[in-house]
Amino acid sequence: MINIRRFLTRGAFAVLGHEWFKFFIRNKFVATICAEMLIRKLKKVATANSADNLNVLVFSAFRYKQDLRCLAETGKYSFWSIDAGLMTSINAIFRKRGLTEADNYFAETNPEVLRLRIAQQQFLMHVLTRMQKRLDLDVIITPAIHYRSEYDWCRAGVLAKLPTVAIHKEFTLIGQEHIRRRVKDYLDNRTIFTGSRVLTTNETGKNLFSKAGIHDPSRIEMVGLPRADQVLGPDSPFRIPGDRKIATLFSFGHYSGEMEDIPVDRRSHYFSWGNQDGFVKLVAGTHTAFAKAAIDRPDFQFVIKPKYVTKEWAEVIEELVFEGTGRSLHEIPNLRIVDDEAPSLMRDSSVVVGFNSTVVIESRILNRPTLIPMFGEAKGALNRFVYFNEFLSLFETPNSAEELHKRIVELVDGKATTQGDDSNELERFVRKHLGYADGRAGERVYEQLKIAIGDAQAMYDKVAIANAGRG
């Protein structure tokens with residue numbers, strides 16, 4: 001028997017995907033409909049009612065939830081999160097079956113692709129103009145300069161006189177040799193940010209983008225890391241230990257840091273097939289040591305926080321625990337995988353274990369005993385990909401899985417940490433990676449967004465005056 005619903009659904013998709021239909025709907029009227037659809041699907045992430053608050057449209061909100069929450073706590077932002085799936089569907093209106101686009105967006109030479117790109121940007125300009133009028137939007141933000149699906153949206157924002165700002169959340173951790181490689185890659189690919197302004201966490205990111213020609217250097221500013229405000233402030237609630245007592249491992253993968261020549265064919269973004277490549281011994285030894293400590297101290301809670309809590313990452317952790325201890329994760333009742341926010345875990349932790357991550361910076365800011373395992377590949381062939389080599393005196397750095405296991409148990413039992421306590425060195429460390437140590441990144445972001453809005457208005461006024469002169 002024919003499934004009528006499935007038949008009609010397939011028929012609808014066939015019509016919607018047909019080139020003549022796409023050609024028919026590439027117009028201002030349909031752009032208005034798309035804007036209304038997007039508005040209906042918007043999620044209000046935060047609301048502010050002050051006279052000087054900004055109404056902000058957020059691209060890729062799921063990529064920087066903590067930063068958005070910390071920005072919202074300043075009381076100066078109302079955030080609207082746009083639906084990424086609908087954005088993708090709208091992009092598809094301007095994709096032509098059989099027409100292949102260049103892998104590098106900025107190296108495109110096919111005149112038909114370029115024609116469709118211009119048409120898409122004009123269409124999206126109408127979409128965003130409609131949304132701006134309906135929601136009284138002030139600005140658009142995105143967490144990075146390089147999301148290909150957003151290039152035309154960022155450009156359309158500029159055309160719609162709605163400034164689009166990248167609060168680039170990366171480059172908190174990057175070595176000098178990797179800076180040179182990144183600059184070369186950006187220059188070779190002719191990468192630019194198609195929006196209005198770029199905000200970086202630290203001086204390293206600002207200099208990198210300026211050298212690479214990502215944007216006008218006068219429109220690239222260092223603001224700090226918004227999510228770090230919650231731990232940097234002297235009155236941060238995370239400085240006061242909580243009631244629960246835990247040990248925390250911030251799980252990391254084989255491909256941790258700015259590694260080179262990472263194979264395309266791999267188990268997942270952070271893990272190799274068959275434990276063949278990357279920080280294999282370090283990952284296995286660290287997870288084993290942590291699990292063994294949990295077995296040794298059954299009256300204490302041990303938690304593992306993956307970078308991304310996915311089924312794939314959880315499976316890897318379960319495999320590592322079983323291979324290292326002979327017990328499944330379920331057989332160690334005081335050891336579990338969690339998705340709690342990092343500062344909450346650090347606040348309650350007697351010991352924090354992490355590697356090549358900003359979490360160890362935040363943990364150290366909160367003065368928690370912080371262990372960076374330095375054995376296996378971290379001491380050998382991949383040492384050049386280890387972050388913080390310059391500041392390792394601020395941490396405990398166990399040089400074997402056995403020593404890591406021992407120190408975790410000792411710190412859980414209340415023994416004192418041996419990490420360095422040079423406050424000047426700690427501040428230098430924080431400033432290098434987080435830009436500032438004052439907990440005011442949210443305020444600087446607000447100031448820069450206001451400047452971007454002012455620039456957009458000034459450009460609009462300049463064009464209006466020029467047009468009036470022609471009349």
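Every heavy atom of this structure was used, including side-chain atoms; hydrogens, water molecules and symmetry mates were not.
Here Phe385 and Phe279 keep their ring centres 6.0 angstrom or further from each other. Under the 6.0 Å cut-off for aromatic ring centres, Tyr308 and His269 do not qualify, their centroids lying 6.0 Å or more apart.
The minimum heavy-atom distance between Asp229 and Arg440, with the atom names listed, is OD1-N, 3.5 Å. The two atoms that bring Phe79 and Leu68 nearest to each other are CE1-O, 3.4 Å, heavy atoms only. The two residues Lys245 and Ser350 make their nearest non-hydrogen contact at CD-OG, 4.3 Å. Ala72 approaches Tyr77 most closely through the heavy-atom pair N-CD1, 4.4 Å. Contact record, Leu282 with Ala378: CD2-CB, 3.9 Å, taken as the closest heavy-atom pair. Shown here for Ala48 and Gly75, the closest heavy-atom pair between the two residues is CB-O, 3.4 Å.
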- Check step by step if side-chain hydrogen bond (donor to acceptor under 3.5 Å, both in side chains) holds for Ser328 and Glu331. CA-CA 5 Å; Ser328 70; Glu331 292 176 301; 3.3 Å; yes

Does the pair Ile141 and Leu449 meet the rule for a side-chain contact (heavy atoms from CB on, under 4.5 Å), with working shown?
CA-CA 9 Å; Ile141 62 172; Leu449 294 184; 4.0 Å; yes

Please step through side-chain contact (heavy atoms from CB on, under 4.5 Å) for the pair Phe302 and Ile332, ending with a clear verdict. CA-CA 10 Å; Phe302 288 73; Ile332 311 174; over 6 Å; no

message = With side-chain contact (heavy atoms from CB on, under 4.5 Å) as the criterion, how do Val56 and Asp138 come out once you've worked through the C-alpha distance, each side chain's angles and the decisive distance to 0.1 Å?
response = CA-CA 6 Å; Val56 184; Asp138 296 302; 5.9 Å; no

Practice prompt. Apply salt bridge (charged side-chain N to carboxylate O under 4.0 Å, His left out) to the pair Glu396 and Lys415, showing each step before the final yes or no.
Written response: CA-CA 13 Å; Glu396 289 197 37; Lys415 289 195 176 182; over 6 Å; no

Going through the checks in order, is the side-chain contact (heavy atoms from CB on, under 4.5 Å) test met by Arg297 and Val409? CA-CA 7 Å; Arg297 292 295 180 271; Val409 172; 3.2 Å; yes

| task | Evaluate side-chain hydrogen bond (donor to acceptor under 3.5 Å, both in side chains) for Glu150 paired with Ser60, printing each intermediate quantity in order. | result | CA-CA 9 Å; Glu150 295 178 2; Ser60 300; 2.5 Å; yes

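At least one side-chain heavy atom of Val445 sits less than 4.5 Å from a side-chain heavy atom of Pro226. Between Arg364 and Phe395 there is a side-chain heavy-atom pair separated by less than 4.5 Å. Within the 4.5 Å cutoff, no side-chain heavy atoms of Leu382 are placed close to those of Val386. Side-chain contact check for Phe290 versus Ile304: some heavy-atom pair is nearer than 4.5 Å. With contacts defined as side-chain heavy-atom distances shorter than 4.5 Å, the pair Ile82/Ile140 does not qualify. Side-chain contact between Ile179 and Asn207: absent, with no pair of heavy atoms (C-beta onward) separated by less than 4.5 Å.
Atom CD1 of Ile408 and atom CG of Asp413 lie 12.0 Å apart (nearest 0.5 Å). Taking OG1 of Thr325 as the start and CD1 of Ile295 as the end, the distance is 4.5 Å to the nearest 0.5 Å. One finds the CZ atom of Arg155 at 12.5 Å from the CG atom of Leu128 (value rounded to the nearest 0.5 Å). The CZ atom of Arg40 sits 12.5 Å away from the CG atom of Asp83 when rounded to the nearest 0.5 Å. Atoms CG and OG1, on Leu404 and Thr397 in that order, are 10.5 Å from each other to the nearest 0.5 Å. Atom-to-atom distance recorded for Thr142:OG1 and Trp153:CH2 is 12.5 Å, nearest 0.5 angstrom.
The backbone N or O of Ala31 sits nowhere less than 3.5 Å from a side-chain atom of His126 that would complete a donor-acceptor pair. Although no hydrogens or angles enter the test, the distance criterion places a donor-acceptor pair under 3.5 Å between the side chain of Ser349 and the main chain of Leu345. The backbone N or O of Asn189 sits less than 3.5 Å from a side-chain atom of Asn104, completing a donor-acceptor pair. Thr88 places a side-chain N or O within 3.5 Å of a backbone atom of Ala84 that can act as its donor or acceptor partner. With hydrogens and angles ignored, the 3.5 Å screen pairs no side-chain donor or acceptor of Glu362 with any backbone N or O of Ala228. Between the side chain of Ser272 and the main chain of Asp277, a donor-acceptor pair closer than 3.5 Å is present. For the pair Arg227 (side chain) and Lys65 (backbone), a donor-acceptor distance under 3.5 Å is absent. Between the side chain of Gln132 and the main chain of Leu137, a donor-acceptor pair closer than 3.5 Å is present. Remark: the backbone N or O of Ile361 is not paired with any side-chain donor or acceptor of Thr358 at under 3.5 angstrom. A donor-acceptor distance shorter than 3.5 angstrom exists from the side chain of Asn356 to the backbone of Tyr387, with no hydrogens or angles considered.
Between Lys450 and Glu447 there is no salt bridge, since none of the side-chain N atoms of the basic residue sits less than 4.0 Å from a carboxylate O of the acidic one. Here Glu36 pairs with Arg134 in a salt bridge; the nearest charged N to carboxylate O distance falls below 4.0 Å. Under the 4.0 Å criterion applied to side-chain N and carboxylate O atoms, Lys305 and Asp339 are assigned as salt-bridge partners.
The aromatic rings of Phe252 and His287 sit tilted relative to each other, their planes meeting at an angle between 30° and 60°. Under the 30°/60° scheme for interplanar angles, the aromatic rings of His168 and His146 are found to stand perpendicular. Using a 30° and 60° split on the angle between ring planes, Phe106 and Tyr151 fall in the tilted class, from 30° to 60°.
A cation-pi arrangement is present between Lys44 and Trp80 under the rule of less than 6.0 angstrom and at most 45 degrees off the ring axis. Because its NZ or CZ atom is both nearer than 6.0 Å to the ring centre of Tyr147 and within 45° of the ring axis, Arg63 counts as a cation-pi partner of that residue. Both cation-pi conditions hold for Lys76 and Tyr446: the charged atom is under 6.0 angstrom from the six-membered ring centre and inside a 45 degree cone around its axis. Cation-pi geometry between Arg444 and Tyr436 is met: under 6.0 angstrom from the ring centre, within 45 degrees of the axis.
Atom CZ of Arg336 is surrounded by 12 or fewer heavy atoms from other residues, nucleotides or ligands within 6.0 Å. By the 6.0 Å contact criterion, CG on Asp340 is enclosed, its count of non-hydrogen atoms from other residues, nucleotides or ligands being greater than 12. Counting non-hydrogen atoms of other residues, nucleotides and ligands closer than 6.0 Å to CZ of Arg69 gives a total above 12.
Checking each of Leu371, Leu366, Ile365 against Arg368 for a side-chain contact (heavy atoms from CB on, under 4.5 Å) leaves exactly one that passes, namely Leu366. Residue Phe193 forms a side-chain contact (heavy atoms from CB on, under 4.5 Å) with just one option from Asp216, Ile220, Ile214, Val165, and that option is Ile214. In summary, of the residues considered (Glu203, Glu390, Glu427), a side chain to side chain donor-acceptor pair (under 3.5 Å) with Lys432 occurs for Glu390 alone.
Counting only N and O atoms by type, the side chains of Gln66 and Gln230 include a donor and acceptor under 3.5 Å apart.
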